[in-house]
Amino acid sequence: MKVVAAVVVVVLAVVQLAMVARGAVTCAQVDANLAPCVPFLTQGGEPGASCCSGVKTLNGLAQSTDERRTTCNCVKAAANRYPNLKDDAAQSLPSKCGVSLNVPISRTINCDTIS
């Protein structure tokens, strides 16, 4: 049942992503790009190719300070939805995907400090 719910959320996020004006980062975009990373972030192991693709896409979306802060708040909200999120996995995700992510994956970050 959880898998079905996750698939529905991803499909809805992708639909909303298609409807959003280019250049405006939304939480639906962030959620859609990080959804494939949930198993890695909650169970560990290695992130899959679709997860790393999402991380790379997410990094490309957040170019301006406002976009990075919006992305940060969305990532923070998403991280807080998973009480079993492993902080060490979240911190290592960008490097495991070969990306220098300009927004940290954290439940506690003050996104107003992102520049």
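- In this structure, SG in Cys72 is found 10.5 Å from CD1 in Ile105, a value given to the nearest 0.5 Å.
- With sequence neighbours left out, the side-chain hydrogen bond (donor to acceptor under 3.5 Å, both in side chains) criterion links Ser115 to no other residue.
- For Thr42, the side-chain contact (heavy atoms from CB on, under 4.5 Å) partners at least two apart in sequence or on another chain are Val38, Tyr82, Asn84.
- Distance check: Leu61 CG to Arg68 CZ gives 12.5 Å after rounding to the nearest 0.5 Å.
- Placement of Leu58 and Leu85 within a single hydrophobic cluster is found when ILVMFWY residues are connected by side-chain heavy-atom separations under 4.5 Å, directly or transitively.
- Within the structure, no pair that satisfies the side chain to side chain donor-acceptor pair (under 3.5 Å) test touches residues 70-79, not counting sequence neighbours.
- The CG atom of Asn33 sits 12.0 Å away from atom SG of Cys52, with the distance rounded to the nearest 0.5 Å.
- Qualifying side-chain contact (heavy atoms from CB on, under 4.5 Å) partners for Thr113, counting only residues two or more places apart in sequence or in other chains: Asn110.
- Between the side chain of Ser53 and the main chain of Ala49, no donor-acceptor pair closer than 3.5 Å is present.
- Exactly one of Thr26, Val25, Leu34, Val30 qualifies for a side-chain contact (heavy atoms from CB on, under 4.5 Å) with Cys74. That residue is Val30.
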Review item, side-chain donor-acceptor pairs of residues 89-100, under 3.5 Å, at least two apart:
from	atom 1	to	atom 2	distance (Å)
Ser92	OG	Asp88	O	3.1
Ser92	OG	Ala89	O	3.2
Ser95	OG	Ser92	O	3.0
Lys96	NZ	Glu46	OE2	3.0

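- Minimum heavy-atom separation, Pro104 to Val75: O-CG1, 3.7 Å.
- For Arg69, the side-chain contact (heavy atoms from CB on, under 4.5 Å) partners at least two apart in sequence or on another chain are Thr65, Ile114.
- A search for salt bridge (Lys or Arg N to Asp or Glu O under 4.0 Å) contacts involving Asp87 returns Arg107, not counting sequence neighbours.
- Pairs passing the salt bridge (charged side-chain N to carboxylate O under 4.0 Å, His left out) check and including a residue from residues 35-44, sequence neighbours excluded, do not occur.
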